[in-house]
Structure formats: C-alpha cells, structure tokens
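Below: the structure, in structure tokens.
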Protein chains: 2
Amino acid sequence: MSERAAPAHVTLEVVARHAGVSPATASRVLNRTTRVRDELRERVLAAADLLGYIPNAHAQALASASSRVVGVICHDVSDPYFAAIASGVMRAASERGLLMMLASTFRDPAREIAYVSTLRAQRARAILLISSGFQDRAWERAMSAELDPYLRGGGRVAVVSRHRTLRVDTVLPENRAGGAALARALLDLGHRDFAVLTGPRALTTVSDRLRGFRDALARAGVDLAPDQIVEGAFTRDGGYDACSGLLQRGLRATCVFAITDVMAIGALAALRDHGLRVPEDVSLAGFDDIPVVRDLSPPLTTVALPLAEMGEAVMALALREPPRRRSRVARFDGAVVLRASTAPL
Amino acid sequence: MSERAAPAHVTLEVVARHAGVSPATASRVLNRTTRVRDELRERVLAAADLLGYIPNAHAQALASASSRVVGVICHDVSDPYFAAIASGVMRAASERGLLMMLASTFRDPAREIAYVSTLRAQRARAILLISSGFQDRAWERAMSAELDPYLRGGGRVAVVSRHRTLRVDTVLPENRAGGAALARALLDLGHRDFAVLTGPRALTTVSDRLRGFRDALARAGVDLAPDQIVEGAFTRDGGYDACSGLLQRGLRATCVFAITDVMAIGALAALRDHGLRVPEDVSLAGFDDIPVVRDLSPPLTTVALPLAEMGEAVMALALREPPRRRSRVARFDGAVVLRASTAPL
DNA sequence: ACGTTATCAGAAAGCGCTTTCAGAAAACGC
DNA sequence: GCGTTTTCTGAAAGCGCTTTCTGATAACGT
C-alpha cells in the first residue's frame, strides 16, 4: 500500500524559491505594497501562477493583524426581512473585497452574545448586529461586555435597530414615526377601531412601532383597546396564531395592524380561514415592505423600509474612517404604501 | 496629547504567565486535549476568565492547519429558495460548532469561481456550492481547476444541483422527476395546452425540470408548442416579464408552468395585470414550494422540495467521515402539492 | 569623481497559537 | 526497594505569512 504523501502545500516560500527571490520580495509583489523591479515581479507572478499558489489567509491575518472578514449576526437568514438586509450587507462587502460571515441566532439572545465572542476570536474586522433590538438590561450588559473590549481593540461595530444602552453606530429604521404615519393613513381612510398583532414586546422594533401607532391614534382621540392587542411570535405562524386567537376571542376592529409583514402574511391567512374578506370585511396593514407583499392578493398596505440600503448603510457605518469617537445614527424613514389590503371605511 | 497605548492583547502567553504555567499547558486546558492537574486547570481557567481571554482563531488555524469555517456560495441570499437552503446549512453548521461564510455571486458564474478561490485562501473546512447547476464546459473546467487541488489538499466540497462533470458530492433535487410528476398531475386535471416560463437554459435546474415536464407530456401524446416556452430571468420580475411577453404574443394554454416559484409569483402578477383570473381563466403552477407560495391567493400549486433538509444534507455530505473516494449523490424527491392555483379544466 | 540621497531586495524577527519531544514526578509491579 | 511504566508539564520548533531593519546598488548633484 503505497501512501501518496499529501502534495506539499505551495507556500510563499516555495513560490519565492521558484522565482529565485526572497519570500519578502514575493510577498511585496503579491500584495503590491512596494515597487519591485519588473523582472522580479514577472518571475514571481509567473511562479505563483504556475504553482497555483493560494495564500493562507490565516497566516496573513496573523502576521498583519487584520482580516478581511466581517461578521453579521441576524435572527434568521430565511426571514425575508433579514435576508433583504443581509443582501445589502453582502453587496457592500463585496464592493470592498470583504468576506461575510453570517450567523443565525434562531432568535436566541444568548446565542447572539456567543456569536459575538466567536467573531472576536475570528478577529473580524467588523461585527454587524442585524437584530430587532432586544431590550433587556442584563442582556445589554453582557453584550457590552463583549463589544467594549472588541471596540477598544480596534474592532468596528454597527447595529440595526434601536438598543437602549449599546453605544455603537446604529442604523435606525424610524419605527415610531413609521407606526404613526401608518396610523394617520389608516385614520384618513376612516378607520377608528383597530387591532394590533405584535411580536415579542422585548424588541424595540415591536415597542417602537406600537408606540408610534398608538400615540398617533391617541392624538386623534382614538383608543386602542388592550384586548385588541395580541402578542405572537415574530413569524408567519406567529401572525396566524395571534390573529386566530383574536378572532376567537372576538375581533372588534375594522382594521388590523400586524407589526411586521411576515406576521401580516399569517394574519391574512387567518382572516381568510375565518371567512373574512380583506379589505371588504376588515383591512390589514403590515410593516417593512418585504418584496413579496406586493404580490399578495390583496397587495398589502405597509410601511416601506429600504432594507437593502439599510444593509449597505450598516456596513458603511461600521467601516467609516476615521472611527469616530461618538457613535452615529443613520435614520431611515418608512414610507406608507397604501395598497388594496386597506379600504376606506 | 497623551497617547494611550492600545491595551496589550491578552494572548495565551499572558494567561499562562498569570496562571503560573507554560503556554503549552494553558493551551491544553483551554482545548481539553490532555489531562491537566486539576489545580493548574482551575488556575488557567480563572486567569482566562479574569483577563477576558479570546483565542486568536487565525493563530489556531495556522498552527493546527484546520479551521472551523465552512464556505457557502449561493446566487442571492435574498432569494427565498437559497435562503431556505442556507438556513438548513446554518442549522447544520451550528450543530457542529462551525461558522458559515456566505457569499452571494449575484448570479455571476465568474464570481462563483473567484469565491471558491477566496474560500481556499481562508482554508475553509468545506466549500458548499448552493447553485442552480451552470452547465458550461469552460466554466466547469475552471471550477474543477479550483476544486481539485482543494480536494487533494483535504478540503471538502459538496454541491446542490446537478453538474455535468463536477465530480463531487451532490445534493440532487429530482428536478426531472418532479417536472414529470407535475405534468402528470396537470394532465390529470384535464389540461392539454401548456405554456412554460423557463429560466436561463444554461442551468440544469431549468433544463431538467423542463425536460421532465415535456417528456411526461409527450408520453401522454401532448405537445408543447415552442412558441409557448419563454425564457426569463430567474427572478420575480423575470417571471413577470416572461409571462407578459407570452400574453402579448398570444397565450394559447390553459395552464402555465413557471419553472420556479419565484418566477411564478411574477407570472401570477402578470396574469392578473392582464385581466386573467387564476385558476378560472388559466391555471398556474410553480416549483420549489418556497414558504410564501401557500399564502398567495390563490395558493400556488407547486412541487415541494425539502429545502432546509437539503441544506443540512449538503453539509452532512461534505463533512462525512471518512471522506469517500467516490462522490455520492443524495437525492431529494419533489412532491406535487395541488393548491387552488390549478383547477380541473 | 565623490559624497549624498533614493530604490530596491533580503535577513530575520515576530504574529499567537499547537504539538511534538523529552524530562520530571508519581504510580506501579514484584 | 528499585526498575519500569504511566502521567503530567515545559521547552521549543514550527504554521505561513508581513514587516521592520539593514545593506547593496543605482541615480543624482556639483
């Protein structure tokens, strides 16, 4: 049994020797850091090509104390909201020649912190938290405990969504204003009785949207009955279940606001399953404007957020030079898009 | 201007010194590779905790010649098909304590190859190609040129979709059989006149589905008129445009098959915009069963693929021990799901 | 023609770990 | 009770690069 030795890895040194230069020179040629005599340049390039040289990114990172990867942490890649933002991040990363490490927490806040630690170990150039703003004292403390040393060590951090105490660059969808704008638009349609399907209250995304919505109603003298506010999981089925529960217990509203489009999709199904027509019997509105909702029927009224743009922004924010001491906030307005899922009363 | 020196990084050596042991011992404790006297163990752990030690993954990878990251290359994170598969991969990765590097090619085959090279440089433990099977002689040659040395060096590769000559582990959705099953189901409904919205023919995903569909029709003595087959981009808008073109030039079919659900969503919109009702005027079917299509109205008839499962499978295939010499194929059947978008003739 | 500055290349010192290798200490056998 | 095996720990050699630092040439000015 002849064991074939693993083909010796082609290292920089091998390339250098083959080209008759020192590793230092080879490195300089391959990284274009310094002028090198043309003749040597050619020889190195030819040797690298011939030998199929692939640099070892780990060695490079170790020696140069910097890496080309950015870490992105989101709740769920398969959720269209995060997918859209991640797509924007991806575009921004590839423009800069950076690689993206993507982690799904599957909505477990503890895992979010664990991933930050892992990304620190990877010496990620930046860590981007594409979250929904989990507002929990202990959690934010633990998160800060991870983030602060990382920042002090030169790491970059930016987040999407409002956090209470995290002092980092933030991409802030104007959830509160968006909720208010939506409420006004619905009031304009003549609605006075509303129901809301919320997600977990611990998320700022949820509480901000709800607050904006409720405040705008109040300003118009309209009350939101507590029993018409139902909490559900941040998923399609969460929306379905929340809406079903509401219908069971008695829906007293002419218009339902689902705190995210994803939940609205579930709500639409629940309403339909319950024999209600949208918008004839009840109007329905969502939030986010994920791509698919315009193709529902009826197309969903929602608050449009520039998700891909937000993804690019969070990357840009994290990487901007020089790193500002004060953390900055990039605000993104939501635009109410009235579609056929809402009708005048 | 007092310059505050960057806080010296906490390295293994610092931890070791603080615990009064050698770096070797500290390493052993932190990696549980060998028994270490309990007393020393405690001291090392305490020191690591106290100092907030974060290992340097690059140094680890370099020294141990192995890394904990797997690379995943797909066309577009924000496409629900890829997102669903990526989600499965993500789950499989996190179960194994691996990190996922995700790259979008934005449908550029050249970029796919470039990313493989980059992932090679990252010494990714495995490279997963979540593609649609680009069948191009030159491309496959170039891809093999990247993959073969990687495999020889101990790398693992697995792909989703059929490729003509790539000799790697494959997760194979039974596109052809699925297309055939769908055709039979539609024939059973009484349809005899079909139109097909295809994606780029260069993709095996497209050609296999089309072939299965067409063959099954032929077997039933039904012809597919060439002018009723329209090619569009692999996106919602591609489906919309293709369908619009078809309608413009005259649709002579009672049933339209869109080669993917994403395209079907666009087609549905186009049909509607053209004043046609689905399924009363024309039936519509897709392929994939991405989550949202059951919530369209009418819900879309389609061929259901276990996308997340396929994602887990492609990871499992790549990582299975020992690495088999012969490449293996994991087949996944599609199940026809009849929903309201198709009606008996 | 000679000193001076500007270019370019190589030697060598790490970057922060893992992992042999070998030695010291402890446990064992008879 | 002494050789032998077993356990545990440390020294040190790398992993494959980047990057000073230094020296050798070449280009320049006068």
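All heavy atoms count here, side chains included; hydrogens, waters and symmetry mates do not. Within every chain, numbering begins at 1; the chains are lettered A, B, ... in the order of the sequence lines, protein sequences first and strands thereafter.
If you walk DNA chain D from 5' to 3' and mark each nucleotide with an atom closer than 4.0 Å to a heavy atom of chain B, the marks span D:dC8 to D:dG16.
For B:Ser22, the side-chain hydrogen bond (donor to acceptor under 3.5 Å, both in side chains) criterion is met by B:Thr25, not counting sequence neighbours. With sequence neighbours left out, the side-chain hydrogen bond (donor to acceptor under 3.5 Å, both in side chains) criterion links A:Arg167 to no other residue. With sequence neighbours left out, A:Phe82 forms a ring pair (Phe, Tyr, Trp, His ring centres under 6.0 Å) with A:His75. Legend: residues meeting side chain to side chain contact (heavy atoms under 4.5 Å, CB included) with A:Ser87, ordered by chain and number and at least two apart, are B:Asp76, B:Ser78, B:Phe106.
Judged by distance alone, with hydrogens and angles left aside, the side-chain atoms of A:Thr118 form a donor-acceptor pair with the main-chain N or O of A:Ala114 at under 3.5 Å. Between the side chain of A:Arg156 and the backbone N or O of A:Ala318 there is at least one donor-acceptor pair closer than 3.5 Å. Here the side chain of B:Ser64 pairs a donor or acceptor atom with the backbone of B:Gln60 at under 3.5 angstrom. Using a distance-only test at 3.5 Å, with no hydrogens or angles considered, no donor-acceptor pair links the side chain of B:Glu13 to the main chain of B:Pro23. B:Thr170 contributes no side-chain N or O that, together with a main-chain N or O of B:Leu172, makes up a donor-acceptor pair within less than 3.5 Å.
Taking OH of B:Tyr150 as the reference point, atom CZ of B:Arg123 lies at 9.5 Å (rounded to 0.5 Å).
Inter-residue side-chain proximity for B:Leu147 and B:Val116 is flagged as met; some heavy-atom pair is nearer than 4.5 Å. Considering only heavy atoms from C-beta on, B:Val159 stays 4.5 Å or farther from B:Leu128 through its side chain. Annotation: side chain of B:Val10 is in contact with side chain of B:Val15 (closest heavy-atom distance under 4.5 Å). Looking at B:Leu166 and B:Val157, their side chains never come closer than 4.5 Å, going by heavy atoms from C-beta outward.
For the side-chain contact (heavy atoms from CB on, under 4.5 Å) criterion with A:Val314, the lone passing option out of A:Asp169, A:Leu319, A:Val171, A:Val72 is A:Val171.
Within residues 19-29 of chain A, the residues that have a heavy atom under 4.0 Å from DNA chain D are, in order of number, A:Ala24, A:Ser27, A:Arg28. For the contact set between residues 116-123 of chain B and DNA chain D, defined by any heavy atom under 4.0 Å, there are no members. Residues from residues 44-66 of chain A placing a heavy atom under 4.0 Å of any atom in DNA chain C, listed by number, are A:Leu62, A:Ala63.
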Under 3.5 Å, which donor-acceptor pairs do the side chains of residues 93-103 of chain A form with other protein atoms, sequence neighbours left out?
residue: A:Ser94; atom: OG; partner: A:Arg91; partner atom: O; Å: 3.3
residue: A:Arg96; atom: NH1; partner: A:Ala92; partner atom: O; Å: 3.2

Protein-nucleotides 22-25 of chain C N/O pairs closer than 3.5 Å?
none

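Residue pairs that meet the side chain to side chain donor-acceptor pair (under 3.5 Å) test with at least one member in residues 48-59 of chain A, sequence neighbours left out, are A:His58-B:His58.
Within the helix from C:dA1-D:dT30 to C:dC30-D:dG1, the inter-axis angle between the opening and closing five-pair segments is 30°, rounded to 10°.
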